[in-house]
**Student:** 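Sending over a structure as structure tokens; questions will come in a sec.
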Amino acid sequence: GSGDGQGQILQRFPEKDWEDNPFPQGIELFCQPSGWQLFPERNPPTFFVAVLTDINSERHYCACFTFWEAVESPQPQSHPRNGEGEEEEEESSSPVQPAQLFAPKSLVLVSRLDHAEVFRNSLGLIYTIYVDGLSVSLENVIGNLLTCTIPITGGAQ
């Protein structure tokens, strides 16, 4: 009814925690600090990077790219009844087409490195592949992104 909901992790890479870099608990709450809400119009995509500090005071840079997907309204609306007590035609008592609503969907990249522009570009690439429906496996794309070498400023390649 209110349009509020809870975030849900649909897919993650790697699927299991790495010993030296566990998956941040509650990341779905972090992605939408204002809550998971449905909106009547598609909002433009947003990007932000925040720094989470773990119990060992180690920084984890969390890049979050949020876009909006169309969903159907959960409850169809019915036509109001005629107040004069007349029988209405069967056709007019059928549910009205539900209004289209838009739900947020977030792509999140967590890293110990501070490279906001690389994060934005990587998440933008994943978003483009997803939205354009390209027949490329996201697992392969993410694997290729993770194996890229990012040269250190002023250092050897």
Side-chain angles (χ1 to χ4, degrees), residues 1-18 20-83 88 91-146 148:
S2 69
D4 291 335
Q6 285 190 305
Q8 178 182 0
I9 298 168
L10 300 177
Q11 194 172 15
R12 65 172 262 197
F13 300 98
E15 291 181 3
K16 298 193 187 288
D17 285 353
W18 289 346
D20 62 338
N21 197 10
F23 191 74
Q25 296 301 312
I27 195 82
E28 66 278 6
L29 300 172
F30 163 78
C31 296
Q32 290 294 317
S34 300
W36 293 90
Q37 300 172 345
L38 299 176
F39 286 89
E41 69 247 359
R42 185 184 310 266
N43 292 329
T46 60
F47 175 81
F48 67 89
V49 177
V51 180
L52 301 179
T53 306
D54 66 18
I55 196 165
N56 298 324
S57 298
E58 293 191 30
R59 292 180 174 196
H60 300 270
Y61 298 90
C62 296
C64 185
F65 183 94
T66 300
F67 58 100
W68 302 83
E69 283 192 318
V71 294
E72 287 189 23
S73 179
Q75 299 174 350
Q77 301 170 350
S78 296
H79 285 286
R81 293 266 176 206
N82 186 336
E88 290 190 56
E91 185 178 321
S92 66
S93 64
S94 65
V96 173
Q97 185 69 13
Q100 189 170 41
L101 296 173
F102 296 89
K105 191 171 228 180
S106 297
L107 302 171
V108 181
L109 191 150
V110 180
S111 175
R112 289 192 186 166
L113 304 174
D114 182 11
H115 294 290
E117 199 58 34
V118 172
F119 301 158
R120 179 192 309 267
N121 292 340
S122 298
L123 293 174
L125 175 64
I126 294 167
Y127 167 72
T128 301
I129 290 168
Y130 177 77
V131 169
D132 290 349
L134 300 179
S135 60
V136 177
S137 158
L138 283 180
E139 290 85 351
N140 287 339
V141 171
I142 291 169
N144 288 332
L145 289 172
L146 291 174
C148 286

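In what follows, residues are counted from 1 in the order of the sequence shown. Remember, predicted model here, so these are calculated numbers, not experimental data.
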**Student:** Would you indicate whether Gln11, at its atom CD, is surrounded by more than 12 heavy atoms from other residues, nucleotides or ligands within a distance under 6.0 Å?
**Tutor:** yes
**Student:** Where do Gly7 and Trp36 come nearest, in terms of heavy atoms and distance?
**Tutor:** N-CD1, 3.1 Å
**Student:** Compare every heavy atom of Leu123 with every heavy atom of Ala63, then report the nearest pair and how far apart it is.
**Tutor:**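 Smallest interatomic distance, heavy atoms only, reads O-CD1, 3.7 Å.
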**Student:** Contact between Glu69 and Val131 at the side-chain level, heavy atoms closer than 4.5 Å - yes or no?
**Tutor:** no
**Student:** Would you give the length of the straight line joining atom CG of Leu107 to atom CZ of Phe119, rounded to the nearest 0.5 angstrom?
**Tutor:** 14.0 Å
**Student:** Measure the OG-OH distance between Ser111 and Tyr61 for me, rounded to the nearest 0.5 Å.
**Tutor:** 9.0 Å
**Student:** Who pairs with Asn43 by side-chain hydrogen bond (donor to acceptor under 3.5 Å, both in side chains), at least two apart in sequence or on another chain?
**Tutor:**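 Expected list: none.
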**Student:** Show which side-chain atoms of residues 25-32 pair as donor or acceptor with protein atoms under 3.5 Å away, not counting sequence neighbours.
**Tutor:**
{"residue": "Gln32", "atom": "NE2", "partner": "Thr66", "partner atom": "OG1", "Å": "3.4"}

**Student:** Is the number of heavy atoms from other residues, nucleotides or ligands within 6.0 Å of CZ (Arg59) greater than 12?
**Tutor:**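 No, because the 6.0 Å sphere around CZ of Arg59 holds 12 heavy atoms or fewer from other groups.
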**Student:** Listed by chain and number, what are the side-chain contact (heavy atoms from CB on, under 4.5 Å) partners of Ile142, not counting sequence neighbours?
**Tutor:**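 Here the qualifying residues are Phe13, Ile126, Leu146.
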**Student:** Tyr130 and Lys105: which non-hydrogen atoms are nearest, and at how many Å?
**Tutor:** OH-NZ, 2.9 Å
**Student:** Where do Gln37 and Trp68 come nearest, in terms of heavy atoms and distance?
**Tutor:** O-CZ3, 3.9 Å
**Student:** Is there a donor-acceptor pair closer than 3.5 Å between any side-chain N or O of Asp54 and the backbone N or O of Asn56?
**Tutor:**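 Looks like yes, one N/O pair under 3.5 Å.
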**Student:** Specify the closest pair of heavy atoms between Leu109 and Ser122, including all atoms of both residues, with the distance to one decimal.
**Tutor:** CD1-CB, 4.3 Å
**Student:** So which atom in Ala116 and which in Phe47 form the shortest heavy-atom distance, rounded to 0.1 Å?
**Tutor:** O-CZ, 3.7 Å
**Student:** Indicate the ring-plane relationship of Tyr127 and Phe65, choosing parallel, tilted or perpendicular according to the 30° and 60° boundaries.
**Tutor:** tilted
**Student:** Just how far is it from atom CG of Leu101 to atom CD of Glu41, taken to the nearest 0.5 Å?
**Tutor:**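 Leu101 CG to Glu41 CD: 10.5 Å, rounded to 0.5 Å.
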**Student:** Roughly how far, to the nearest 0.5 Å, is the OG atom of Ser106 from the CG atom of Leu10?
**Tutor:** 10.5 Å
**Student:** Could you walk me through whether His60 and Arg112 pass the side chain to side chain contact (heavy atoms under 4.5 Å, CB included) check?
**Tutor:** CA-CA 5 Å; His60 300 270; Arg112 289 192 186 166; 3.9 Å; yes
